[in-house]
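Comments concern the structure below.
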Amino acid sequence: MKLFKVAALPGDGIGPEVMREAIEVLRAAERKFDFKLEITGAPVGWAGIDAAGKALPEGTLALCKESDAILFGSVGLPDRDPTIPKDERPERAALLRIRKEFGLFANLRPVRLPGALAHACPLAKERQGGGIDILVVRELTGGMYFGQPKKTEDLGSGNFRAIDTMVYTTLEIERIAHMAFHAAKLRRQKVTSIDKANVLENGVLWRETVTRVGRSYADVALEHQFVDNAAMQLVLRPTQFDVMLCENLFGDILSDEAAALGGSLGMLPSASLGAGSGEKVFGFYEPAGGSAPDIAGKNLANPIAQILSAALMLRYSFGLNDAAAAIEAAVQRAIEAGHRTADIFSPAETTARKVGTREMGAAICAEVRK
Ligand code: NAD
């Protein structure tokens, strides 16, 4: 039997309540499929500061290093101590440190709008084509956010010049492209690579490199789109996309645009992956949303983003595609059966039933067990 070690870091706000449901779902999947998880919890965020004086306590970091993957809730409570220095605040001290420590260079954000939640999507129903299902693969450690020089020069007389530099190497593009093609093989076998090759040197290198990598994935179709067109196509005809492969800046923008199509932040999982291959890819899995302090502790949070993050962990870090797909199908069936947390509920749906965090988790567990 396959055994994997998971560091479960619930964090702040709704983190603990949605994490509890995700672990229940993992336990249900474990019983049905042939794997075993050793799940160990540890504090992070304000919970880390309260327990050990640091947003990412040494013990928590050590646990992550001994683990095969990190399942993360969310960190940050805007109302807590505003005097604490920026670099020690949870969003920076915990998240950036983990990203750096584990060399997480790829961010995967699936956006899936089930047909039953058409009302929650801002697009007209005709544009949704019965359900949107897109995976945005974003390069996370290169490009304009990190390129040097990065500075602001004083030109005098109140005139300044700000400089950011977009830099990519062939190797950086190759590794993220492999990630996207690998992900597409597990989905509908199509990659749309996004660039600005008509204007940027980076775009030309990006397009050439992705095309070359694509030749070793004969079963995956590759197309290229300029980023401005892709932004438009996402709202005009989102169903044309399977995997969207983006560099850092374009991916930051397009992944949020795509996220808006998913109906609710509470439905959106994400995976950040480091080096490795097959069943040995170290990953960090978390909901796309934050700690939602406005609804924390009230049994109102939608646990689906956390549960789908757990499914991504099974797929991308442990190679357990069947178990991941079973959890995703269970989520879909629970929604089709009419279970709705407040964020995805519409009174116009006469067959839907408003439920809490626990009830939604239990409904998904029951579907996994079927
Ligand atoms: P947020 O994502 O926490 O909340 C935005 C809105 O979405 C709120 O109305 C919230 O109730 C709702 N929402 C989010 N997740 C939901 C869920 N699972 N179910 C139902 N509704 C949900 O963003 P915010 O309010 O801007 O930030 C709150 C805190 O979270 C801040 O401290 C912020 O820095 C932090 N944050 C952390 C992460 C992270 O840990 N990766 C990401 C984003 C924000």
Side-chain angles (χ1 to χ4, degrees), residues 7-22 25 42-50 55-56 60 64 70-82 84-100 102 104 107-112 117 120 122 138 140 252 255-256 259-260 262-272 283-312 331 334-335 339-346 354-361 363-364:
L9 317 185
D12 307 316
I14 60 169
E17 45 194 312
V18 292
M19 180 68 80
R20 187 178 54 215
E21 301 311 316
V25 170
V44 72
W46 285 102
I49 293 174
D50 291 341
L56 184 63
T60 300
C64 293
I70 304 170
L71 186 60
F72 195 87
S74 46
V75 292
L77 294 172
D79 292 340
R80 285 283 304 258
D81 190 2
I84 189 167
K86 240 196 216 161
D87 285 347
E88 290 170 30
R89 294 193 79 80
E91 293 88 335
R92 256 177 203 237
L95 287 170
L96 294 189
R97 175 90 197 271
I98 288 176
R99 241 187 222 184
K100 208 165 162 202
F102 295 98
L104 305 173
N107 183 240
L108 276 62
R109 282 238 231 144
V111 175
R112 190 172 286 160
L117 290 186
R138 168 187 168 194
L140 215 49
D252 192 4
S255 62
D256 269 18
S264 163
L265 264 182
M267 300 282 297
L268 294 170
S270 86
S272 298
F284 173 82
Y285 300 87
E286 61 166 346
S291 59
D294 52 329
I295 55 167
K298 297 178 182 162
N299 196 35
L300 285 174
N302 188 342
I304 290 179
Q306 189 78 56
I307 289 168
L308 292 176
S309 299
L312 293 180
V331 167
I335 287 171
H339 300 284
R340 303 278 186 275
T341 41
D343 56 314
I344 52 174
F345 178 75
S346 158
K354 205 192 261 189
V355 298
T357 311
R358 295 225 77 149
E359 294 74 22
M360 181 62 101
I364 295 167

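Start at 1 and go down the list; that is how both ligands and their atoms are numbered.
- The shortest distance between side-chain heavy atoms of E286 and I70 does not fall below 4.5 Å.
- A salt bridge does not link D81 with R89: none of the charged nitrogens is closer than 4.0 Å to a carboxylate oxygen.
- A donor-acceptor contact shorter than 3.5 Å is absent between the side chain of R109 and the backbone of A271.
- Between T341 and P303 the shortest side-chain heavy-atom distance falls below 4.5 Å.
- Only one option out of N107, L308, L108 pairs with S270 in a side chain to side chain contact (heavy atoms under 4.5 Å, CB included); it is N107.
- For ligand 1, the 4.0 Å heavy-atom shell contains residues I14, S74, V75, G76, L77, P78, E91, L95, L265, G266, E286, G289, G290, S291, A292, P293, D294, I295, A301, N302, D343.
- Between the side chains of S291 and D12, no donor N or O sits under 3.5 Å from an acceptor N or O.
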